[in-house]
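First comes the structure, then the notes that go with it.
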Amino acid sequence: MPSMTNTDWHSRRADLRRFVSKRVADRHEAEDIVQDVLVRAHESMHTLESTDRLPAWLARIAANRIIDHYRSRRTTEELPEDLVAAQPEHDPVETLAPCLPAMVEKLPETYRDAVRLSELEEVPQREVARRLGISLSGAKSRVQRGRVLLRELVETCCRVLMTGTTIAGFERIAVNAGCSNNARCSGMRLS
């Protein structure tokens, strides 16, 4: 069971307050929801496998609690559109994307061209095979292995938070560990 310090809970409370306040106009009702989310999270903390999943877990609890809040007010009142799929303030994929070309260049040559063509230039794998003068299965293999190596490079400089197969956020943890020094590659705080 993950443990949380008072400082961790205080930080999470501030994040939740921002999240809920964007969706519930009345600040007293928003604060009640935040308090309820924290109580529910504390009571269910034993079900959380890792604190790395805590931000997404809390957001889901908060979103469900906000839905309950609007349902209880009036059955005919429509829910806000942004409630269903809460998005981070910054799209982590768009923020991480400028870093990838420099990282692709650090891949071994065998994989670099296949990944550059397939992932950055969005060339179909059949065309990648033709351009590289290899079989389709060889191209697929190079792209797949190159993706694994690229992911390893990304993870040497960034802690990446995944929700299923989607990047939910990332935070830069090392400088020059495969990263470019591009200011746009600064990451975002995973809170």
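Sequential numbering from 1 along the given sequence is applied to the chain's residues. This structure is a prediction, so every number in the text was calculated from the model and none was measured.
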If I take atom [atom1] from residue [X] and atom [atom2] from residue [Y], how far apart are they, to the nearest 0.5 angstrom?
X: Ile33; Y: Asn64; atom1: CD1; atom2: CG; result: 11.5 Å
X: Glu122; Y: Leu117; atom1: CD; atom2: CG; result: 12.0 Å
X: Trp57; Y: Met45; atom1: CH2; atom2: CE; result: 6.0 Å
X: Leu132; Y: Thr110; atom1: CG; atom2: OG1; result: 10.0 Å

Please give me the minimum heavy-atom distance between [X] and [Y], naming the atom from each residue.
X: Arg131; Y: Val123; value: NH1-CG2, 3.8 Å
X: Leu150; Y: Leu107; value: N-CD2, 3.7 Å
X: Pro98; Y: Pro101; value: O-CD, 3.5 Å
X: Val20; Y: Ala62; value: CG2-CB, 4.3 Å
X: Leu16; Y: Leu58; value: CD2-O, 4.0 Å
X: Val143; Y: Ala114; value: CG2-O, 3.7 Å

Take Glu31 and Arg27 through the test salt bridge (Lys or Arg N to Asp or Glu O under 4.0 Å) and record every step on the way to the result.
CA-CA 6 Å; Glu31 187 58 36; Arg27 68 181 179 94; over 6 Å; no
Who passes salt bridge (charged side-chain N to carboxylate O under 4.0 Å, His left out) against [X], sequence neighbours left out?
X: Arg130; result: Glu127
X: Glu152; result: none
X: Asp36; result: Arg40, Arg65
X: Arg126; result: none

Report yes or no: is the cationic atom of Arg23 (NZ for Lys, CZ for Arg) closer than 6.0 Å to the six-membered ring centre of Phe19, at no more than 45° off its axis?
yes
Mind checking whether Tyr70 and Ile61 sit in one hydrophobic cluster, side chains of I, L, V, M, F, W, Y counted as touching below 4.5 Å?
yes
Kindly indicate whether the side chain of [X], heavy atoms from C-beta on, has any atom under 4.5 Å from the side chain of [Y].
X: Asp15; Y: Pro55; answer: no
X: Val104; Y: Tyr111; answer: no
X: Ile134; Y: Arg142; answer: yes

Is it true that a side-chain atom of [X] and a backbone atom of [Y] form a donor plus acceptor pair closer than 3.5 Å?
X: Ser135; Y: Gly138; result: yes
X: Ser118; Y: Val115; result: no
X: Thr156; Y: Leu153; result: yes

Which residues pass the side chain to side chain contact (heavy atoms under 4.5 Å, CB included) test with Gln35, not counting sequence neighbours?
Arg13, Val39
With a 6.0 Å cut-off (strictly less than), is the heavy-atom count around CD of Glu29, excluding the residue itself, greater than 12?
yes
Output every pair passing salt bridge (Lys or Arg N to Asp or Glu O under 4.0 Å) with a member in residues 108-118, not counting sequence neighbours, ordered by first then second residue.
Glu105-Arg116, Asp113-Arg116
